[in-house]
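Sequence positions, counted from 1, serve as the residue numbers for this chain.
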Amino acid sequence: MNTFGHWLASPWRRSTVAALAGALPLLAFPAPSLWWFAPVALVPWIALIRSAPTAKRAAYDGWAGGFGFMVGMHHWLLPSLSVFIFVIGALLGALWAPWGALVRHFLAGTPSRGRITAALAVLPSGWLGIELVRSWQGLGGPWGVLGSSQWEVEPALRLASVGGVWLISFVLVAVNVALAVLVTVRESRVPALAGLVATAAVTSAAWMWSPRPDTRGTTRIAVVQPGVIDGPDKRFAREEQLTRDLAGQDVDLIVWGESSVGFDLHDRPDLAKRIAALSEETGADILVNVDARRSDKPGIYKSSVLVGPGGLTGDRYDKMRLVPFGEYIPARSLLGWVTSVGKAAGENRRHGSEQVVMDVGHGLKVGPMVCFESAFPDMSRHLTEDGAQLLIAQSATSSFQQSWAPEQHASLAALRAAETGRPMVHATLTGVSAVYDASGQRVGRWVGTDSSTARVYDVPLATGTTLYVRFGDWPLHAALLILVAWCAVDGRRVLRLRRAAPEPLAPPVRTAHGSPARPGR
């Protein structure tokens with residue numbers, strides 16, 4: 001064993017190295033945005049796991065790496081969740097423990113060509129299984145899915161139109177596995193190279209043959225970003241001022257950010273009239289976002305509300321997927337005490353029951369989402385199926401201005417646009433606001449966190465149906481089938497080996513008078 005191997009013999013040192021290796025993929029995401037690092041980011045972690053002396057140790061390496069990835073990806077939540085970010089990281093990191101054992105199973109020692117070929121399918125499938133589980137809203141949702149690191153890479157966006165962000169994740173993990181084999185197992189280069197060729201072929205096929213959006217016409221969308229302003233009244237006044245400046249610019253829709261209105265508009269008809277006057281003055285409906293206690297039902301809701309020249313149009317979408325601890329506390333009767341430690345929700349928000357497509361005039365139908373709902377591919381896909389021509393996410397990220405969160409959030413809209421073949425507007429209170437066309441390419445410039453402005457975008461509209469909208473999350477289903485098939489095959493192999501194993505020889509029978517080998521003894 002070399003010096004480094006001796007140093008890694010300490011469980012704590014090895015776990016620390018695994019956590020750091022697991023955190024490396026963060027560099028591919030915003031704000032660093034080193035997208036080119038993603039195809040090699042898992043190689044050190046995989047190399048460490050395959051060197052584990054036992055399957056149990058490999059599982060610990062997977063767990064520690066998952067902990068590093070989860071804490072690093074959500075480090076900007078530290079001011080809100082305090083020490084609980086580490087508890088959550090440890091719980092979610094455990095999802096990678098079985099994956100660590102799988103890595104060692106396939107790649108330890110000098111793996112055969114068959115094992116490496118199987119690894120190129122099973123290990124990415126295992127990774128997608130992890131992403132599927134942690135994408136559940138109650139576990140925080142699909143923030144930091146590996147494939148979303150490629151939001152500005154055109155070939156990756158083409159893959160997203162075929163199989164969503166999940167297909168990008170599968171390809172990235174397969175490339176990392178192949179490169180890890182090339183680096184650590186020189187005797188097994190042929191199947192590793194074949195795996196790289198296969199992934200290149202899949203990407204090329206998606207680039208050449210997947211349907212492209214059919215662009216037809218444009219719509220003029222204005223995004224109003226007031227910036228960091230304390231107090232709902234001051235914020236509303238600034239939004240009113242910025243919106244008034246849009247008069248005469250021939251816009252089709254004006255979008256305000258999440259929590260842009262802090263009062264229920266039925267309780268505050270004066271505010272509703274002021275917004276309606278702005279709509280009359282600018283010639284466009286205004287999509288605001290109300291974060292307030294409802295007058296017509298109990299509880300606080302976050303709602304996208306459409307206001308026209310005549311006042312409230314009746315179009316309203318209540319946010320369905322709430323942020324755990326940020327907007328509600330799971331099992332509040334047991335965990336309510338966390339409000340005294342971090343910045344957890346003092347009162348649970350209520351969630352809506354269905355998605356809504358709104359007709360905003362000018363022949364335009366939009367599908368609104370609120371905040372981190374833009375991280376869920378199924379929500380934008382369902383809105384597209386329901387006829388939305390433009391996807392809209394209203395967000396805030398006001399609490400995380402000096403972190404990576406605003407840029408990470410804004411980048412997600414590029415994936416949703418590419419997946420659905422529909423343009424998407426990401427409008428925020430405090431930045432980053434962004435607009436993407438139907439292929440996921442940026443339209444105009446981002447509105448950064450240092451801006452307080454209203455900006456107009458000429459957004460190309462598109463028709464047609466992407467393969468992802470048509471077939472849904474098929475990469476996830478395929479991954480689960482691969483895992484089931486591997487379990488069945490491996491289980492049969494183990495059973496065969498046990499049946500073929502020779503019966504152990506019976507030990508010599510000893511008696512009170514002696515033994516066959518030594519009579520009288």
Side-chain angles (χ1 to χ4, degrees), residues 219-295 300-317 319 358 360-362 364 366 368 370-371 392-399 401 406 425-435 444 446-457 459:
T219 184
R220 285 175 65 80
I221 306 297
V223 173
V224 173
Q225 179 178 301
V228 180
I229 299 175
D230 291 330
D233 290 309
K234 291 182 179 179
R235 182 169 61 243
F236 187 92
R238 178 57 177 162
E239 290 162 336
E240 191 175 32
Q241 176 188 355
L242 292 171
T243 302
R244 189 169 288 113
D245 292 340
L246 295 169
Q249 297 195 41
D250 193 28
V251 295
D252 297 320
L253 178 68
I254 299 169
V255 184
W256 291 10
E258 178 188 13
S259 304
S260 48
V261 178
F263 309 94
D264 182 78
L265 291 177
H266 288 284
D267 272 347
R268 292 290 303 272
D270 57 317
L271 296 183
K273 288 180 181 178
R274 286 164 66 180
I275 300 172
L278 292 172
S279 176
E280 177 76 31
E281 190 174 347
T282 58
D285 286 356
I286 302 175
L287 186 68
V288 303
N289 189 270
V290 176
D291 183 3
R293 193 174 302 279
R294 292 275 290 267
S295 59
I300 301 174
Y301 288 79
K302 282 192 174 181
S303 306
S304 300
V305 177
L306 190 65
V307 183
L312 298 173
T313 66
D315 291 300
R316 181 187 190 112
Y317 165 66
K319 185 179 182 182
M358 301 179 180
V360 299
H362 306 280
L364 181 64
V366 304
V370 182
C371 191
I392 296 176
Q394 295 173 295
S395 182
T397 62
S398 307
S399 303
Q401 284 298 94
V425 173
H426 180 81
T428 73
L429 281 184
T430 58
V432 173
S433 296
V435 178
W446 276 6
V447 183
T449 55
D450 57 347
S451 296
S452 175
T453 186
R455 188 167 295 174
V456 178
Y457 295 87
V459 184

Check whether any side-chain heavy atom of Trp256 sits under 4.5 Å from a side-chain heavy atom of Val305, and report yes or no. no
Does some side-chain heavy atom of Ile275 sit less than 4.5 Å from a side-chain heavy atom of Val288? yes
Is there a side-chain contact between Ile221 and Val435 (heavy atoms, below 4.5 Å)? no
From Leu265 atom CG to Asp270 atom CG, the distance as rounded to the nearest 0.5 Å: 9.0 Å
Between Asp285 and Gly308, which heavy-atom pair has the shortest distance, and what is it? OD1-CA, 3.4 Å
Under 3.5 Å: donor-acceptor pair, side chain of Thr313, backbone of Asp315: yes
More than 12 heavy atoms of other groups within 6.0 Å of Asp230 CG: no
Is there a side chain to side chain contact (heavy atoms under 4.5 Å, CB included) between Phe236 and Val261 once you walk through the steps? CA-CA 7 Å; Phe236 187 92; Val261 178; 4.2 Å; yes
Is there a side-chain contact between Arg293 and Tyr301 (heavy atoms, below 4.5 Å)? no
Run Asp291 and Ile300 through side chain to side chain contact (heavy atoms under 4.5 Å, CB included) and show every step you take. CA-CA 7 Å; Asp291 183 3; Ile300 301 174; 3.7 Å; yes
Would you check if the side chain of Arg455 reaches a backbone N or O of Trp446 as a donor-acceptor pair within less than 3.5 Å? yes
Which residues pass the side-chain contact (heavy atoms from CB on, under 4.5 Å) test with Pro232, not counting sequence neighbours? Arg235, Phe263
Point-to-point distance, once rounded to the nearest 0.5 Å, from CZ of Arg268 to NZ of Lys273: 12.5 Å
Please lay out, stage by stage, how Ser452 and Gln225 fare under the test side chain to side chain donor-acceptor pair (under 3.5 Å). CA-CA 6 Å; Ser452 175; Gln225 179 178 301; over 6 Å; no
Do Ser279 side-chain atoms and Ala284 backbone N/O form a donor-acceptor pair below 3.5 Å? yes
Test item: Tyr317 and Val370 side chains (from C-beta on) under 4.5 Å apart, heavy atoms: yes
Inter-residue atom distance Ile229.CD1 - Lys234.NZ, 0.5 Å rounding: 9.0 Å
Drop me the distance from Arg274's CZ to Ile286's CD1, to the nearest 0.5 angstrom. 12.0 Å
Quick check against the 3.5 Å criterion: does Asn289 have a side-chain atom that pairs as donor or acceptor with the backbone of Ser259? yes
Are the side chain of Gln394 and the backbone of Glu258 linked by a donor-acceptor contact shorter than 3.5 Å? no
Which atoms form the tightest heavy-atom contact between Val307 and Ala272, and what is the distance? CG1-O, 4.2 Å
Would you call Ile254 and Leu246 a side-chain contact if the rule is heavy atoms closer than 4.5 Å? yes
Just how far is it from atom CG of Leu242 to atom CG of Leu278, taken to the nearest 0.5 Å? 10.5 Å
side-chain contact (heavy atoms from CB on, under 4.5 Å) partners for Asp252, two or more places apart: Thr219, Arg220, His362
Give a yes or no on whether the backbone of Gly257 and the side-chain of Ser260 come within a donor-acceptor separation of less than 3.5 Å. yes
Donor-acceptor under 3.5 Å (Ser451 side chain, Val447 main chain): no
Please give me the minimum heavy-atom distance between Pro406 and Val432, naming the atom from each residue. CB-N, 3.7 Å
Residues in side-chain contact (heavy atoms from CB on, under 4.5 Å) contact with Gln241, at least two apart in sequence or another chain: Arg238
Go through it in stages, so that I can follow the logic: the residues are Ser395 and His426, the test is side chain to side chain contact (heavy atoms under 4.5 Å, CB included), and I'd like the CA-CA distance, side-chain angles, deciding distance and then a yes or no. CA-CA 7 Å; Ser395 182; His426 180 81; 3.9 Å; yes
Measure the shortest side-chain to side-chain distance between Ser304 and Arg316 over non-hydrogen atoms and say whether it is less than 4.5 angstrom. no
Of all the heavy-atom pairs spanning Ile392 and Val366, show the shortest one and how long it is. CD1-CB, 3.9 Å
State, with a plain yes or no, whether a side-chain heavy atom of Asp245 is found less than 4.5 Å away from one of Thr453. no
Determine yes or no for a side-chain-to-main-chain donor-acceptor pair under 3.5 angstrom, with Gln401 supplying the side chain and Thr430 the backbone. yes
Please name the pair of heavy atoms, one in Ala292 and one in Gly262, separated by the smallest distance, quoted to 0.1 Å. CB-O, 3.8 Å
Indicate whether the side chain of Ser433 and that of Thr428 have a donor and an acceptor atom separated by less than 3.5 Å. yes
